[in-house]
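This report concerns only the one structure given below.
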Amino acid sequence: MQELFIYNTLSRNKELFRPLHEGHAGMYVCGPTVYGDPHLGHARPAITFDVLFRYLTHIGYQVRYVRNITDVGHLEHDADDGEDKIAKKARLEQLEPMEVAQYYTNRYHDAMDRLNVLRPSIEPHASGHIIEQIELVKKILNAGYAYESNGSVYFDVRKYNADTHQYGCLSGRTLDDQLSTTRQLAGQEEKRETADFALWKKAQPSHIMRWPSPWGDGFPGWHAECTAMGTKYLGNPFDIHGGGMDLMFPHHESEIAQNYAATGHEPCRYWMHNNMITIDGQKMGKSLGNFITLDEFFGGTHPLLSQPYSPMTIRFFILQAHYRSTVDFGNEALQAAEKGYHRLMEAYRTLLRLTPATKGDAEVSTYRQRCYDALNDDLNTPVVISLFFDIAKAINTAADHRTHLAQGDIEELKGLFDTFLFGILGLRDESAADNDSGLVEGLMRTILDLRATAKANKDWTTSDRIRDSLAAVGIAVKDGKDGATWERK
RNA sequence: GGUCGUGUGGCCGAGGGGUUAGGCGCAGGUCUGCAAAACCUGUUACUUCGGUUCAAAUCCGAACGCGACCUCCA
């Protein structure tokens with residue numbers, strides 16, 4: 001089995017991945033809050049951990065991947081009254097809260113499907129696990145690390161730290177930092193310390209989403225859902241917990257605290273965090289006018305976009321940067337990614353129609369191990385992609401008859417594409433033919449044959465007319481040494 | 001202000017004490033009826049200032065820039 005090293009935020013080091021249970025791997029990733037259309041901020045973690053999921057599976061683990069749907073207890077960014085995000089939107093649109101959640105869940109799934117992100121093994125809804133969350137809160141109360149106040153329950157950070165734990169161990173913050181930098185806000189008087197966080201919140205009368213509990217009607221605090229659902233489906237502790245860097249504090253920090261309080265040990269072995277994305281060097285935000293949804297990317301409908309970008313262009317672009325680096329979306333960079341992606345796909349098509357040489361003279365045996373080495377080094381997808389540009393060059397050179405690939409070499413290269421580029425990086429050939437492919441192939445062969453005849457007769461008018469009219473319907477004709485080929489633009 | 005991260009050539013981005021990243025772009029060439037495609041060649045960089053070292057883009061320190069988080073929601 002491959003030795004995979006992953007960067008553990010907890011230790012700030014790359015560590016060899018060793019599962020808690022031989023042959024099995026459990027991973028939990030914080031999923032979307034379903035109150036709005038999916039955007040780039042959703043694509044990055046989904047793609048990053050999709051690659052991890054695919055790779056762990058590929059190297060032989062039986063993987064259970066849990067990614068939650070958060071559908072309770074949300075507030076608008078600039079909300080004024082603590083009203084539940086989903087409830088608020090529901091009232092505006094005259095829909096049931098769960099109808100809104102379902103609608104955006106479907107939208108999220110559609111976008112992820114287009115990005116070729118595999119569905120996780122289990123996708124639990126927070127609203128479906130209220131009982132488990134209440135049990136968690138009870139446990140923490142019984143352990144003495146929480147207190148009830150006016151119908152809400154808060155985690156007692158000071159008590160927790162006094163008992164040799166450290167709230168802040170993941171993010172590097174000390175309690176003093178937090179106390180001195182926390183502003184005084186309304187509603188804080190229920191807490192003993194401003195750093196305390198809610199385990200259970202009392203619902204105001206206006207709240208639509210509410211559940212009965214030993215402390216009255218209310219809803220769970222944000223951090224409770226991940227602890228409860230991770231435990232339920234992956235055990236406690238489990239292997240890997242992932243999410244965006246923006247969730248490190250307070251969300252993941254609080255999950256660690258909740259778990260220690262409830263069970264006396266850590267929730268998981270490895271914490272992985274993907275970095276954030278920017279648009280033209282700026283963070284994406286509704287107020288900045290650069291908030292672009294995935295649909296707008298696919299359709300090119302946002303004013304900042306000079307053209308549409310296909311799902312695979314976006315996936316390729318994201319994978320061309322390491323997941324712990326920030327990635328900046330700019331038109332120039334996206335166009336470069338689009339061209340690079342097409343180059344690789346075109347090389348694959350060329351490979352498929354290559355005539356094997358009786359004797360090969362190109363070196364193709366080292367790529368496989370180098371791909372593994374890159375992936376084992378904390379999922380270094382940019383290096384894998386760079387290897388494929390080398391492979392593309394090897395294919396093109398052979399197609400140009402400068403070098404030769406034997407049948408075995410061709411099989412090996414084809415295997416590399418299937419395993420790494422398609423299988424693990426999850427790219428796919430978007431211009432690959434659909435159901436009609438047989439028909440289209442046949443038509444195109446006929447047309448290109450006619451053009452070849454025209455060319456043989458030096459009838460340039462006819463041959464150019466064929467080329468131009470094909471271009472008009474989005475088909476590019478490419479003349480090569482062995483006749484013409486075509487591709488969809 | 002605090003915490004975490006980051007600063008690479010025209011653009012995007014790996015790497016990371018001495019040995020080519022890669023892509024896109026641009027320039028020249030091969031091929032071609034022309035064009036495109038493909039191939040070849042060229043374009044060689046690490047924010048600034050100190051320090052460590054035989055040797056620093058790579059390590060250490062400081063400054064500056066950028067990003068996330070630091071609050072109620074998730």
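Each chain gets a letter, A, B and so on, in the order its sequence line appears, and its residues count up from 1. All values below were derived from every heavy atom in this structure, side-chain atoms included, with hydrogens, water molecules and symmetry-related copies excluded.
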Would you indicate what A/N380 reaches in the nucleic acid, counting non-hydrogen atoms under 4.0 angstrom: base, sugar-phosphate, or nothing? sugar-phosphate

Would you indicate whether A/L450, at its atom CG, is surrounded by more than 12 heavy atoms from other residues, nucleotides or ligands within a distance under 6.0 Å? yes

Pick the C1' atom in B/G23 and in B/G9, then give their distance to the nearest Å. 14 Å

For B/G33, does the base pair up with any side-chain atom of A/D464 as donor and acceptor (N or O, under 3.5 Å, distance only)? yes

Nearest-Å distance once atom C1' is located in both B/U6 and B/C12: 16 Å

Who is the Watson-Crick or G-U wobble partner of B/A35, with both distances under 3.5 Å? none

Taking only the P atom of each, what is the distance from B/G61 to B/C46 in whole angstrom? 22 Å

Looking at the side chain of A/E332, which of B/C24, B/C11, B/G5 is the nearest nucleotide? B/C11

Counting only side-chain heavy atoms from C-beta out, which of B/A21, B/C34, B/G13 sits nearest to A/R451? B/C34

Which whole-number value in Å describes the distance from A/E190 CD to B/C72 P? 12 Å

Among A/D479, A/D459, A/D468, which residue meets the salt bridge (charged side-chain N to carboxylate O under 4.0 Å, His left out) test with A/R451? A/D479

Name the one of A/Y147, A/Y167, A/F155, A/Y160 that satisfies side chain to side chain contact (heavy atoms under 4.5 Å, CB included) with A/D196? A/Y147

Quick note, A/K339 side chain, CB onward, closest among B/A74, B/G25, B/C39 is B/G25

Spacing between A/R324 atom CZ and B/G5 atom P, to the nearest angstrom: 10 Å

Regarding A/H251, tell me which of base, sugar-phosphate or nothing describes its non-hydrogen contacts under 4.0 Å with the strands shown. nothing

From B/A37, B/A38, B/C4, nucleotide with atom closest to A/K478 side chain: B/A37

Listed nucleotide nearest any side-chain atom of A/T278, set B/C40, B/G67, B/G13: B/G67

Quick one: CG on A/L170 to CZ on A/F249, what's the gap to the nearest 0.5 Å? 10.0 Å

Atom P, compared across B/G22 and B/U43: separation rounded to whole Å: 12 Å

Can you tell me the pairing partner of B/G16 across any strand shown, Watson-Crick or G-U wobble, with both distances under 3.5 angstrom? none

Please determine whether a side-chain nitrogen of the Lys or Arg among A/E253 and A/R173 lies less than 4.0 Å from a carboxylate oxygen of the Asp or Glu. no

Per nearest nucleotide of RNA chain B, the residue lying toward the 5' end, A/M276 or A/E487, is A/E487

Side-chain donor/acceptor contact of A/R402 with base of B/C40 under 3.5 Å: no

May I ask you to say what A/R467 touches in the nucleic acid, namely base, sugar-phosphate or nothing, with a heavy-atom cut-off under 4.0 Å? base

Look at all strands and tell whether A/K458 reaches a base, only sugar-phosphate, or nothing, counting heavy atoms closer than 4.0 Å. nothing

Among the nucleotides B/G23, B/A74, B/C39, which one has an atom lying closest to any side-chain atom of A/F219? B/A74

Tell me the interatomic distance from A/D378, atom CG, to B/G15, atom P, rounded to whole angstroms. 9 Å

Given that both distances must come in under 3.5 Å, which nucleotide forms a Watson-Crick or G-U wobble pair with B/A27? B/U41

Please compare A/D196 and A/M245 by the position of their nearest nucleotide in RNA chain B and report the one closer to 5'. A/M245

Ion pair check, A/E332 and A/K339, cut-off under 4.0 Å: no

In whole angstrom, give the distance that lies between atom CG of A/L319 and atom P of B/G13. 14 Å

A/F389 ring over B/G23 six-membered base ring, under 5.5 Å and 30°: no

Could you state the atom-to-atom distance from CZ of A/F249 to P of B/C73 in whole Å? 13 Å

Looking at A/N396, I'd like to know whether one of its side-chain N or O atoms comes within less than 4.0 Å of OP1 or OP2 on B/C39. yes

Given B/A14, B/C39, B/C69, identify the nucleotide with an atom nearest to the side chain of A/A321. B/A14

Can you figure out which of B/A74, B/U3, B/G22 approaches the side chain of A/R173 most closely? B/U3

Within the structure, does a side-chain N or O atom of A/K455 lie under 4.0 Å from either OP1 or OP2 of B/U32? no

Need the pair for B/A62. Rule: Watson-Crick or G-U wobble, both distances under 3.5 Å, any strand; none if unpaired. B/U48

Which whole-number value in Å describes the distance from A/I277 CD1 to B/U6 P? 18 Å

Checking only heavy atoms, does the side chain of A/S325 share a donor-acceptor pair with the base of B/G5 at less than 3.5 Å? no

Phosphate OP1/OP2 of B/C72 contacted by A/K191 side-chain N/O (<4.0 Å): yes

B/U3 pairs with, by Watson-Crick or G-U criteria that keep both distances under 3.5 Å: B/A68

Does one side chain, of A/E487 or A/H342, offer a donor that lies under 3.5 Å from an acceptor on the other? no

Between A/K393 and B/C40, is there a contact of a side-chain N or O with OP1 or OP2 at under 4.0 Å? yes

Please evaluate the base of B/A35 for a donor-acceptor partner in the side chain of A/D479 within a cut-off of under 3.5 Å? yes

Interatomic distance at P, B/C59 relative to B/A14, whole Å: 16 Å

With P as the reference atom in both, quote the distance from B/U47 to B/G15 in angstrom, rounded to an integer. 15 Å

Have a look at A/F388 and say if it touches a base, only the backbone sugar-phosphate, or nothing, with a 4.0 Å heavy-atom cut-off. nothing

Rounded to whole Å, the OH-C1' distance (A/Y367 to B/G22) equals 12 Å

Rounded P spacing from B/A45 to B/U19 in Å: 13 Å

Suppose you measure atom P in B/C69 against the same atom in B/C26; what distance do you get, rounded to whole Å? 37 Å

With sugar-phosphate meaning primed atoms plus P, OP1 and OP2, does A/D246 contact a base, only sugar-phosphate, or nothing at under 4.0 Å between heavy atoms? sugar-phosphate

Report the nucleotide, chosen from B/C73, B/A74, B/C12, that has the shortest atom-to-atom distance to any side-chain atom of A/F317. B/C12

Whether A/R67 engages the ring of A/F49 as a cation-pi pair (distance to the six-membered ring centre under 6.0 angstrom, angle to the ring normal within 45°) should be assessed. no

Give a yes or no on whether a salt bridge exists between A/D464 and A/R467, defined as a side-chain N under 4.0 angstrom from a carboxylate O. yes

Considering only side-chain heavy atoms of A/D328, which listed nucleotide, B/C34, B/G13, B/A14, is closest? B/G13

Return the orientation label for the A/F316 and A/F389 ring planes: parallel under 30°, perpendicular over 60°, tilted otherwise. perpendicular

Atom CG of A/D468 to atom P of B/A36: distance rounded to whole Å? 13 Å

